[in-house]
Structure formats: structure tokens, C-alpha cells
Undergrad: 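One structure coming up, written as C-alpha cells, with questions to follow.
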Amino acid sequence: MSGTSIPIIPVKAGPAIEGDGMGCHAGGETLLAAARSAGKSEVLAQYAKDYPKRENAGPHDQPQSMCPAFGSLRVGLRMRRTATILSGSACCVYGLTFTSHFYGARRSVGYVPFNSESLVTGKLFEDIREAVHAQADPAKLDAIVIINLCVPTASGVPLQILPKSINGVRIIGIDVPGFGVPTHAEAKDVLTGAMLRYARDEILAGPVAAPRQGRQALPTLTLLGEMFPADPMGIAQMIAPMGIAVGTVAPTREWRELYAALDGAAVAAIHPFYTASIREFEAAGRPIVGSAPVGVDGTHDWLGAVGQAMGISHALVDTARNQSLGAIRGVLSQQKIHGRITLSGYEGSELLVGRLLVECGADLRYVGSACPATPWNAHDAEWLKSKGVQVQFRASLENDLDALHEYQPQLAIGTTPVVQAAKEASVPSLYFTNLISARPLMGVAGAGSLIQVVNAAIGNQARFNTMKAFFGGVGQGDEAGVWEEVPRPFPEFRKDNRRQNEKQAKKRKAEEMS
Ligand code: SF4
């Protein structure tokens with residue numbers, strides 16, 4: 001351990017958050033109140049501003065998606081020479097580690113465990129401090145990321161007082177509680193924004209390392225958002241006639257790329273939810289461009305916006321448009337999507353996919369995104385609405401399922417439970433995350449690839465009909481499972497149970513009131 005000595009502040013946790021048993025279902029309001037009283041008001045107020053929840057949405061003010069911390073964890077795990085350590089309940093860490101490896105992390109996830117005592121006495125913070133000191137080897141690492149999950153955040157574990165760097169290794173401590181950051185998409189922004197802020201301070205303090213491949217000779221456009229690897233290359237081709245190049249894609253894969261990202265002449269917010277990151281780019285004086293080059297209209301408008309942000313002449317913008325739009329029109333004129341579609345997801349790129357679907361000929365009725373409305377997706381939302389598409393930001397699962405029932409699509413693109421509901425109703429469906437997000441969307445490549453996968457899925461209707469006819473109602477509802485005999489319903493038991501449940505609920509209510 002290094003000789004750096006820092007104050008250790010024991011944190012008294014409220015009784016509601018003692019122990020390791022609190023989870024997503026522990027009641028966001030309780031945890032939020034605990035976190036505020038434990039000194040996290042400022043960070044939570046910033047999150048509330050950056051990632052606004054949906055107002056008046058009742059129990060569905062927060063979308064149902066995976067643990068938000070996964071977004072930050074993934075950004076950390078994808079960076080070279082970066083260690084990522086979680087501080088949280090063992091069950092949360094188990095789930096997050098599992099998901100990381102499912103998505104090919106190929107890297108260890110660090111963990112500082114705790115129990116009631118270490119949480120309440122402040123020993124957890126001491127353990128975290130020891131862990132970062134033990135890990136801070138400049139020969140191996142540029143940065144260590146520590147992520148406070150729900151319980152340590154609610155307990156006020158003060159990561160902000162960790163040293164900013166140990167032996168030259170940068171220490172980035174962030175709070176990513178499920179009750180403060182609504183989606184894993186926005187949690188990517190929490191870490192990316194924190195890293196950009198750190199890198200910007202370093203730039204202000206003096207010279208920093210150049211990118212591995214050196215600085216580009218042309219003015220560069222930084223791309224914001226995790227996208228299919230071919231997309232930045234496609235975008236580079238589209239903007240080349242304007243005399244500009246694609247710089248870095250943020251979240252970056254290496255610390256020094258953060259400097260290159262901030263060095264871009266402008267930033268394209270391809271994914272619109274990176275609010276904290278955009279704050280850093282704006283503080284560095286970089287203009288931001290929303291939307292993305294999807295389809296003919298999208299590409300036309302986006303190239304114009306990039307040209308304007310980077311001071312490119314109309315003539316060069318037109319050259320770039322001529323080059324790209326002709327090719328996209330060519331693809332769209334040869335193939336079309338025929339079918340009614342609903343679309344929902346939590347990646348933040350739903351509106352872009354929606355635009356492309358409409359341009360490919362789809363009868364798109366609904367786009368639900370778990371992410372919020374921002375200035376960077378406003379143009380896309382307006383465009384979709386002008387085509388008669390219902391757009392729902394901060395969409396809940398209930399919104400998505402309502403759309404499925406209302407619009408009776410021939411294809412439902414959505415999250416796992418939406419796809420499951422569609423399959424049950426014999427409607428062909430595609431997982432947004434695995435099958436749509438994981439393919440090119442921009443320019444010519446995007447149009448061609450989306451048409452193929454969507455048409456193939458819609459063409460599966462006959463197979464669904466055959467399955468439905470073969471299996472009928474077997475295995476549905478109460479009769480699901482393997483039975484030796486045909487299950488016999490007992491409606492009287494059900495009635496009895498319902499009556500007892502209602503009685504107990506009334507009793508609980510009366511006890512609460514008294
Ligand atoms: S850290 Fe994630 S999994 Fe754990 S309680 Fe919070 S939201 Fe749920």
C-alpha cells in the first residue's frame with residue numbers, strides 16, 4: 001500500500017439499509033432518502049437533472065431494464081489497462097459479473113464485499129481504499145474504476161474522497177444506484193462523463209499523451225455512443241468529401257483516446273442520452289450534433305448539421321450528400337419491408353432504427369425507448385411523429401405491451417419480455433439488443449442489412465401458425481409444465497385463496513393506518 005494517508009469517515013447507515021439483503025425491490029424511495037441523508041444529495045440531484053424520470057407514470061416512472069450499473073461496468077471492462085471494481089451486495093455483483101461474462105468481458109471484475117458491520121462502521125470504505133492501493137500498479141493500469149452499487153450509495157460510502165491518483169494510476173469513483181440512474185444506457189454516460197471530466201482536467205493542467213496512431217491531419221468528428229464496429233467506418237466514408245475525418249468513438253477503448261475525443265472539432269451524439277459526457281464536450285467548446293446518418297432523410301439532415309457545426313461550405317456538404325444519398329436510394333429502391341411493426345428497446349438507438357424502418361417501407365406504428373427525450377433525439381422524434389408513428393420516451397414494459405395489443409403488428413421488435421409476449425401471441429419477433437443493435441445502421445450498409453433481417457422475420461409467420469395449430473393451448477397458464485394427466489382446474493381453491501389474500505391485505509392496511 002502507498003503511504004498516502006486520507007481521512008476515514010465512519011458512516012452511520014440508517015436501519016433500513018443495514019445488511020446485505022437489500023435489492024432492487026427494496027423500495028427506491030427508501031434508498032433514495034437514505035442516500036440523501038448519507039451525503040449523496042448533490043450527486044443524486046445531478047442524476048435527477050441529467051436522467052429525468054417520467055412524470056406521473058405511477059409505479060412505472062422507471063423503465064424495467066437490467067441493473068443500470070451494468071452500463072458503467074461494461075464501459076470500464078472494455079477499456080485497455082483499466083481495472084473495474086464493484087462495491088455492492090453479493091447478489092448484485094453476482095448478476096453483474098455473470099452478465100459481463102455473458103457479453104464477453106474476458107477480464108476479471110473486482111469486488112470489495114461488505115457486511116452489516118463493515119457497512120455501518122465505515123470499514124467498507126477502508127477496504128475499498130486498500131483494494132485500490134493494492135491494485136494501483138502503473139505498469140499494468142492507467143485507471144481504476146470503483147462503482148458504488150445501490151446499498152453502498154444509500155449508505156453514503158464516500159468514493160469522492162479516494163485519492164485522485166495512486167502511483168500515477170487514475171482513480172475514478174462513481175455512484176451508480178438503480179434508484180438514481182434509470183437505465184444501463186445512462187449508466188454508460190455516468191462513467192464516460194466522469195472519465196471525460198478527469199481527462200479534461202488533465203488537458204487543462206498540461207500536455208497529455210497523443211492517440212496511439214497519432215493525431216489526425218484533418219479536423220475530426222468525435223462519435224458518441226457504442227455502435228456496430230462497421231458504422232464509424234461507414235460514417236468516415238460519408239464525411240470524407242467534406243474534408244473531415246472520424247476521430248474517436250466515446251466511450252473509448254483506452255484512456256489516451258479520451259484526449260482525442262475532446263480534441264475533436266465537433267461531437268456527433270449518435271446516441272442521445274450521454275448528457276454528462278456532452279456537458280464535458282460543451283465545456284471544452286465543442287459543438288454537438290444530434291441524430292445520425294440513417295436512411296435518406298436522416299443522412300441528408302445529419303450531413304447538413306455536421307457541415308454547419310464544423311464550418312464546412314455548402315458545396316462540400318452537397319458533394320458528401322450526393323455521394324451517400326444516391327447509394328442509399330439505390331438500396332431502398334431495390335428492396336422494401338412490407339409489414340406492420342412495433343419497436344421498443346432500452347439501448348437509446350430505438351428512434352434511429354425506427355427512422356430507418358420507415359424509410360425501408362415498414363408500416364411502423366410505435367417506438368418505445370427506455371431512454372429519455374433529449375435535445376439530441378428531438379429531431380428524430382419529430383420526424384417519426386410526422387410519419388404517424390407513436391413515440392414513447394421512458395417507455396415501460398406495460399407501454400410496449402399495450403402497443404403490441406393495440407397495433408397487432410406482423411413483427412414486434414423489442415426487449416425480452418415483449419418478444420416473449422409476441423411469441424405467445426404467434427407474432428414473429430426480434431430481440432432489439434441482440435439482433436438489431438448488433439448490426440450496422442448507418443448509411444448504405446444499415447439500410448441493406450435491416451431490410452434482410454426484418455423481412456426474414458416477418459416471413460416466419462407461417463411457422464408460427466403451424467406451431468400454434470400443432471400445440472394449441474397446451475402448456476399455457478396454470479397448465480404449463482409436464483403432467484402425467486390432463487390438469488384439472490380447481491376454481492374454488494382459487495376463489496378461496498383470493499379471498500384470504502384480500503383479507504390479509506385489508507388487515508395490513510388497517511395495521512399501517514393505526
Ligand atoms: S445494484 Fe443493481 S441489482 Fe443491485 S439492487 Fe441496485 S439495481 Fe438492483
Side-chain angles (χ1 to χ4, degrees), residues 11 13-36 38 40 43-44 47-48 50-51 53-54 57 59-77 84-103 105 109-116 118-119 124-125 127-128 131 145-159 172-191 194 273 346-347 370-372 394 396-397 415-417 433:
V11 179
I17 51 161
E18 287 180 4
D20 189 13
M22 307 294 288
C24 312
H25 308 289
E29 285 307 318
T30 313
L31 292 174
L32 201 58
R36 284 199 186 112
K40 294 283 181 184
V43 69
L44 290 170
Y47 288 166
D50 287 352
Y51 316 119
K53 290 188 181 173
R54 189 167 150 197
H60 306 306
D61 64 348
Q62 184 160 343
Q64 302 95 324
S65 83
M66 69 174 83
C67 169
F70 179 63
S72 300
L73 179 60
R74 179 181 160 93
V75 166
L77 288 174
T84 311
I85 300 176
L86 296 175
S87 149
S89 304
C91 48
C92 310
V93 173
Y94 169 75
L96 287 164
T97 315
F98 180 90
T99 317
S100 309
H101 293 299
F102 179 81
Y103 282 104
V109 178
Y111 175 38
V112 181
F114 69 89
N115 56 29
S116 299
S118 67
L119 187 67
L124 171 58
F125 177 72
D127 291 346
I128 292 172
V145 175
I146 329 281
I147 303 173
N148 256 352
L149 302 180
C150 282
V151 173
T153 304
S155 308
V157 174
L159 297 183
I172 316 280
I174 51 170
D175 298 298
V176 192
F179 54 84
V181 182
T183 61
H184 82 287
E186 288 152 298
K188 291 179 193 172
D189 178 49
V190 173
L191 180 53
F273 52 81
Y346 44 56
E347 303 295 332
C371 292
R394 283 279 186 249
S396 65
L397 174 60
T415 54
T416 310
T433 302

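These numbers come from a predicted model, not from an experiment. For ligands, and for the atoms within them, numbers begin at 1 and follow the listed sequence.
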Undergrad: Could you list the atoms of ligand 1 found under 4.0 angstrom from a heavy atom of L149?
TA: 1 (S)
Undergrad: Within the 4.0 Å heavy-atom shell around G178, which atoms of ligand 1 are there?
TA: 7 (S)
Undergrad: From atom 4 (Fe) of ligand 1, work out which of C91, C92, G88 has a heavy atom at the shortest distance.
TA: C92
Undergrad: Using only atom types and a distance under 3.5 Å, with no angle test, would you say the side chain of N148 pairs donor to acceptor with the backbone of V157?
TA: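 Yes; judged by distance alone, with no hydrogens or angles, the pair exists.
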Undergrad: Could you tell me whether any N, O or S atom belonging to C150 is less than 2.8 Å from atom 2 (Fe) of ligand 1?
TA: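 Here the distance criterion (N, O or S atom, under 2.8 Å) is not met by C150, so no.
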Undergrad: Inspect the contact between R394 and E186 and indicate whether a charged nitrogen and a carboxylate oxygen are less than 4.0 angstrom apart.
TA: yes
Undergrad: Establish, from distance only, whether the side-chain atoms of D189 and Y51 form a donor-acceptor pair under 3.5 Å.
TA: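 D189 vs Y51: donor-acceptor pair found between side chains.
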Undergrad: Return yes if some donor-acceptor pair links the side-chain N/O of S72 with the main-chain N/O of A187 below 3.5 Å, else return no.
TA: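 Confirmed, S72 side chain pairs with A187 backbone.
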